Amino acid sequence: MNLEMVMQELEALGKERTKKIYISNGAHEPLFGVATGAMKPIAKKIKINQTLAEELYATGNYDAMYFAGIIADPKEMTESDFDRWMDSAYFYMLSDYVVAVTLAEADMAQEVADRWIASGEELRMSAGWSCYCWLLGNRKDFEFSESKIANMLETVKNTIHDSPERTKASMNNFLYTVGVSYLPLHEKAVETAKEVGTVEVKRDKKKSSFLHAYESIQKEVDKGRIGFKRKYVRC
């Protein structure tokens with residue numbers, strides 16, 4: 001399948017209701033409003049195709065950019081490729097659920113995520129923290145430096161309430177993910193979550209979200225899900 005064929009298929013799958021939901025979360029034109037699950041049959045036909053992924057991402061169409069992440073080959077992408085994708089990720093559904101997810105399957109994931117976290121830019125920081133969530137939820141515990149993750153928990157404790165709004169949400173998710181998926185620091189994550197308390201995330205034209213990492217971790221404890229790892233990062 002080429003670019004034109006994929007765009008035609010995506011357009012045919014678009015729904016006005018889904019489009020409105022995406023726009024309410026920060027997407028803008030061009031977009032079709034394709035549910036992510038509806039993309040799977042096309043993805044099965046294409047499988048992995050980095051050249052096509054690059055063409056789709058470059059369209060600026062939200063649905064095409066999302067689909068690009070599904071068929072991308074992270075092993076073929078360079079650090080500058082990820083930076084370029086991040087430059088075009090204009091809201092969190094792209095930064096955290098396309099770019100960060102794709103990066104999480106690359107060997108350089110931690111190095112790039114560290115740089116983004118240190119950037120001071122809201123969506124880059126958000127993508128960096130989100131990437132660690134995808135990593136911790138999938139890779140074996142021994143692949144991470146315990147002291148590094150512990151220092152990141154300290155950073156969350158000391159800076160989350162003063163961080164940019166979207167970054168707050170990703171930092172809170174990091175706290176939850178360490179508590180659930182990284183056994184060496186489960187107890188420290190629980191204690192940190194207690195100290196952090198409720199995190200308010202303000203959103204444009206919507207009510208604030210109030211996040212409670214401690215309560216969320218405890219729910220997973222009650223379900224016996226501590227140590228949970230995903231089989232796959234991308235769907």
Side-chain angles (χ1 to χ4, degrees), residues 25-26 82 86 89 91-104 106 108-203 207-223 225-230 233:
N25 279 285
F82 284 111
M86 196 58 229
F91 79 125
Y92 78 94
M93 286 170 71
L94 289 169
S95 63
D96 296 9
Y97 296 104
V98 177
V99 186
V101 173
T102 308
L103 176 60
M108 67 185 89
Q110 291 192 51
E111 292 80 3
V112 176
D114 290 344
R115 185 163 55 77
W116 288 353
I117 287 169
S119 71
E121 298 173 30
E122 181 171 12
L123 289 181
R124 264 186 165 73
M125 293 164 72
S126 180
W129 288 105
S130 288
C131 183
Y132 268 96
C133 295
W134 298 111
L135 288 167
L136 289 161
N138 171 254
R139 297 191 186 182
K140 304 291 186 187
D141 287 347
F142 67 77
E143 295 185 47
F144 303 91
S145 160
E146 185 175 334
S147 61
K148 178 182 180 180
I149 302 298
N151 286 337
M152 291 173 76
L153 287 174
E154 284 297 307
T155 299
V156 170
K157 182 176 77 175
N158 296 329
T159 66
I160 187 168
H161 292 293
D162 298 318
S163 293
E165 300 308 313
R166 187 59 221 174
T167 308
K168 280 185 195 174
S170 295
M171 292 172 89
N172 186 82
N173 196 31
F174 172 82
L175 188 49
Y176 162 82
T177 305
V178 176
V180 173
S181 295
Y182 187 64
L183 285 176
L185 291 174
H186 167 73
E187 294 298 335
K188 181 172 176 61
V190 169
E191 288 307 309
T192 305
K194 273 187 190 174
E195 291 182 70
V196 165
T198 301
V199 176
E200 180 182 6
V201 178
K202 296 172 184 172
R203 302 183 295 170
K207 292 180 180 176
S208 293
S209 294
F210 294 92
L211 309 176
H212 312 272
Y214 176 75
E215 292 177 11
S216 299
I217 294 169
Q218 288 308 310
K219 286 177 183 175
E220 299 304 313
V221 170
D222 294 342
K223 292 176 186 174
R225 282 166 53 88
I226 299 307
F228 167 78
K229 299 281 185 183
R230 294 184 192 85
V233 177

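Because the structure is predicted, anything quoted here is derived from the model rather than measured.
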**OP:** Quick one: closest heavy-atom pair of L103 and A113, and the distance?
**Re:** CD2-N, 4.1 Å
Original post:
Can you find a heavy atom in the side chain of M152 that is under 4.5 Å from one in the side chain of I117?
Top reply: yes
Original post:
Can you find a side-chain donor-acceptor pair between Y132 and D114 that sits under 3.5 Å?
Top reply: yes
Subject >> CG on L183 to CZ on F228, rounded to 0.5 Å >> reply: 13.0 Å
Original post:
Do E165 and R203 have side-chain heavy atoms sitting under 4.5 Å apart?
Top reply: no
**OP:** Side-chain contact test, heavy atoms from C-beta onward, threshold under 4.5 Å: evaluate it for T159 versus M171 and give yes or no.
**Re:** yes
Original post:
K168 and S163: which non-hydrogen atoms are nearest, and at how many Å?
Top reply: CE-O, 3.3 Å
Original post:
Which heavy-atom pair separates A127 from D96 by the least distance, and what is that distance?
Top reply: N-OD1, 3.5 Å
Original post:
If you draw a 6.0 Å radius around NZ in K229, do more than 12 non-hydrogen atoms from other residues or ligands fall strictly inside?
Top reply: yes
**OP:** Would you check, one step at a time, whether the test side chain to side chain contact (heavy atoms under 4.5 Å, CB included) holds for L136 with F144?
**Re:** CA-CA 8 Å; L136 289 161; F144 303 91; 3.9 Å; yes
**OP:** Quick one: closest heavy-atom pair of A104 and V233, and the distance?
**Re:** CB-CG1, 4.1 Å
Original post:
Once you round to the nearest 0.5 Å, how far does CG of L185 lie from CG of L175?
Top reply: 11.0 Å
Original post:
Which of these passes side-chain contact (heavy atoms from CB on, under 4.5 Å) with H212: V196, N172, T198?
Top reply: T198
Subject >> ring pair (Phe, Tyr, Trp, His ring centres under 6.0 Å) contacts touching residues 145-167 (sequence neighbours left out) >> reply: none
Original post:
Under a 4.5 Å cut-off applied to non-hydrogen side-chain atoms, are W129 and T155 in contact?
Top reply: yes
Subject >> Heavy-atom pair of closest approach, residues V178 and A189 >> reply: CG1-CB, 3.9 Å
**OP:** Could you tell me which residues satisfy ring pair (Phe, Tyr, Trp, His ring centres under 6.0 Å) with F91, sequence neighbours excluded, listed by chain and number?
**Re:** Y62
Original post:
Taking side chain as C-beta onward, heavy atoms only, is M86 less than 4.5 Å from E121?
Top reply: no
**OP:** Tell me, with the steps shown, if S119 and M125 meet side chain to side chain contact (heavy atoms under 4.5 Å, CB included).
**Re:** CA-CA 7 Å; S119 71; M125 293 164 72; 3.9 Å; yes
Original post:
From L135 CG over to S130 OG, what is the distance, rounded to the nearest 0.5 angstrom?
Top reply: 10.5 Å
Subject >> Check: G128 main-chain N/O paired with R115 side-chain donor or acceptor under 3.5 Å >> reply: no
Original post:
With a 4.5 Å heavy-atom cut-off, do V190 and Y214 have their side chains touching?
Top reply: yes
Original post:
Are side-chain heavy atoms of F82 and T102 found at a separation under 4.5 Å?
Top reply: yes
Original post:
Which is it for E122 and Y92 under the side chain to side chain contact (heavy atoms under 4.5 Å, CB included) test, yes or no, and what are the steps along the way?
Top reply: CA-CA 9 Å; E122 181 171 12; Y92 78 94; over 6 Å; no
Original post:
Can you check whether Y176 reaches L211 side chain to side chain, under 4.5 Å on heavy atoms?
Top reply: no
**OP:** Please lay out, stage by stage, how F174 and I149 fare under the test side chain to side chain contact (heavy atoms under 4.5 Å, CB included).
**Re:** CA-CA 10 Å; F174 172 82; I149 302 298; 4.1 Å; yes
Original post:
What pairs of residues pass the side-chain hydrogen bond (donor to acceptor under 3.5 Å, both in side chains) test when at least one of them lies in residues 182-191, not counting sequence neighbours?
Top reply: E154-K188
Original post:
Of the non-hydrogen atoms in I226 and I217, which two are nearest, and what is the gap between them?
Top reply: CD1-O, 4.4 Å
Original post:
Rounded to the nearest 0.5 Å, how far apart are CG of L153 and CD of E195?
Top reply: 10.5 Å
Original post:
For the atom pair CD (E146) and CG (N151), what is the distance rounded to the nearest 0.5 Å?
Top reply: 11.0 Å
